[in-house]
There are 2 protein chains.
Amino acid sequence: MVDTSRLFQHGTLALLVPGLFDGTMKVGELLKHGDTGIGTTDALGGEMIILDGVAYLVTSDGKVRTVAENETTPFSNAHFYHAKDKFRLQNCKMFDLEKKIASEYDYQNLFVGIKLTGDFKNVKTRSVKAQAKPYPSLMDVAKDQVVFTEDNSKGTIVGYYSPALFHGMTASGYHLHYLNSALSMGGHILEFEIEDVVVELQPFETVEQHFPIASSDFKQAEFDLKQVHAGITEAEK
Amino acid sequence: MVDTSRLFQHGTLALLVPGLFDGTMKVGELLKHGDTGIGTTDALGGEMIILDGVAYLVTSDGKVRTVAENETTPFSNAHFYHAKDKFRLQNCKMFDLEKKIASEYDYQNLFVGIKLTGDFKNVKTRSVKAQAKPYPSLMDVAKDQVVFTEDNSKGTIVGYYSPALFHGMTASGYHLHYLNSALSMGGHILEFEIEDVVVELQPFETVEQHFPIASSDFKQAEFDLKQVHAGITEAEK
């Protein structure tokens, strides 16, 4: 029996900021903690999205491939999908969805899983280029990101809302990834316009933060918190 | 078989800042997540310390009592005790212990359980007065704290080191509580001087943050993060 009340996180978003991009958990292990999620792979190989227990990677050439169980991730989230709230939404933007959630649900201080399935008028995503050592900072990677857009796209958005208190551990606010149904386009969401989708929300009782305790790079890193917060705001906007 | 690699936290330190002092988890439930820990009880009833599976409360009259399983807590930590590192320390202060840990262990980015057992030249603690509604802020409670000191005290310090990234979710740095062997004095550590103790460290791979998801006070609270950070720094110093 899986536990649908918890969100699992391996690594922190903070550790990506100074460039700790080495994978520290096998994706096969990550998938034991959920069938749904988002993240990235070793060396920032691309934008990962986990749907129905399968991990997909959107690489910087715009292609989508499945991620093998023995590939690794430096930072990822996963949870077992079980929607608490479900509603249909038509002809609106991310801003309208955020407003609706803020006014109708008291989830502002909780971690919440979010899933949108259906038709989008437009989706704009980005992916990052796989990096080589010595790794640059996350901000430098983000400056060099590749942007994709698709009109009249059918697909799924998966991601999380995280409370402001946890900015640094993760990106506060909404952090969403996309994959179209044809498995031909996706990535980290920059913008989207909804045509007709089903929105599902899954508030979590517990967030489980797992650290890469075997990584001496992580353990010895000196994090400058101001830089971490500024870097995340810059790279995840 | 208990899991000694994880630290459990119910509630956040942040929620105490604006005065959300109502207990939201039974202490009996908390004890399922650990035999060792620290926290407080409903209405900030005092400073709680969990040793060998028993929860004790140091109240503002300086007395120590056990906490019943059906009492509740708004904010607490617990873990199953299993020391990874153990060393003897004599004739020094908290500052020296912190320096030793910082120079000899690469735990700065991890949550770490800490336990000191033995003889102290001096221990200075505080406890808080149980509050009534409408609850004041944590800073106002801290201004009215009661301070206790004991020379030549035999007892146990239990608490945690938390990475700076998690300030707000908890108090970053060291957060320690004390209970003497006679069960007659203890509380939240303000200062101490070691005579001869055994120090035990337990770095955690996972921190499990559990939210009071049934509390509408918590869910609807508007946290001012600057105030939260300033309030914690002020109240937990």
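Convention: sequence-line order gives letters A, B, ...; per-chain numbering from 1.
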Go through the steps to decide whether B:Glu222 and A:Gln108 satisfy the test side-chain contact (heavy atoms from CB on, under 4.5 Å), and finish with yes or no.
CA-CA 9 Å; B:Glu222 299 281 351; A:Gln108 58 183 337; 3.7 Å; yes

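- Counted within 6.0 Å of CD on A:Glu104, heavy atoms from surrounding residues, nucleotides or ligands total more than 12; the atom is thus considered enclosed.
- Between chain A and the options B:Leu15, B:Asn109, B:Thr206, the largest number of non-hydrogen pairs under 4.5 Å is found for B:Asn109.
- Rounding to the nearest 0.5 angstrom, the gap separating the CG atom in B:Asp106 from the CZ atom in A:Phe218 is 10.5 Å.
- With a 4.5 Å cut-off on non-hydrogen atoms, B:Thr12 touches chain A through its side chain but not through its backbone.
- For chain B, the nearby parts of A:Ala221 are the backbone and the side chain; heavy atoms of each come within less than 4.5 Å.
- Rounding to the nearest 0.5 angstrom, the gap separating the CZ atom in A:Arg6 from the CD atom in B:Gln209 is 11.5 Å.
- Other residues, nucleotides and ligands contribute over 12 non-hydrogen atoms within 6.0 Å of the NZ atom of B:Lys100.
- Below 30°, between 30° and 60°, or above 60°: for A:Phe166 and B:Phe211 the angle between ring planes is above 60°, a perpendicular geometry.
- Only the side chain of A:Leu110 comes within less than 4.5 Å of a heavy atom in chain B; its backbone stays farther off.
- For a residue to count as touching a neighbouring chain, one of its non-hydrogen atoms must lie under 4.5 Å from one of that chain's; by this rule A:Phe223 touches chain B with the side chain only.
- Both the backbone and the side chain of B:Leu165 come within less than 4.5 Å of a heavy atom in chain A.
- In the displayed structure, A:Lys129 atom NZ is contacted under 6.0 Å by at most 12 heavy atoms of other residues, nucleotides or ligands.
- For a residue to count as touching a neighbouring chain, one of its non-hydrogen atoms must lie under 4.5 Å from one of that chain's; by this rule B:Tyr107 does not touch chain A.
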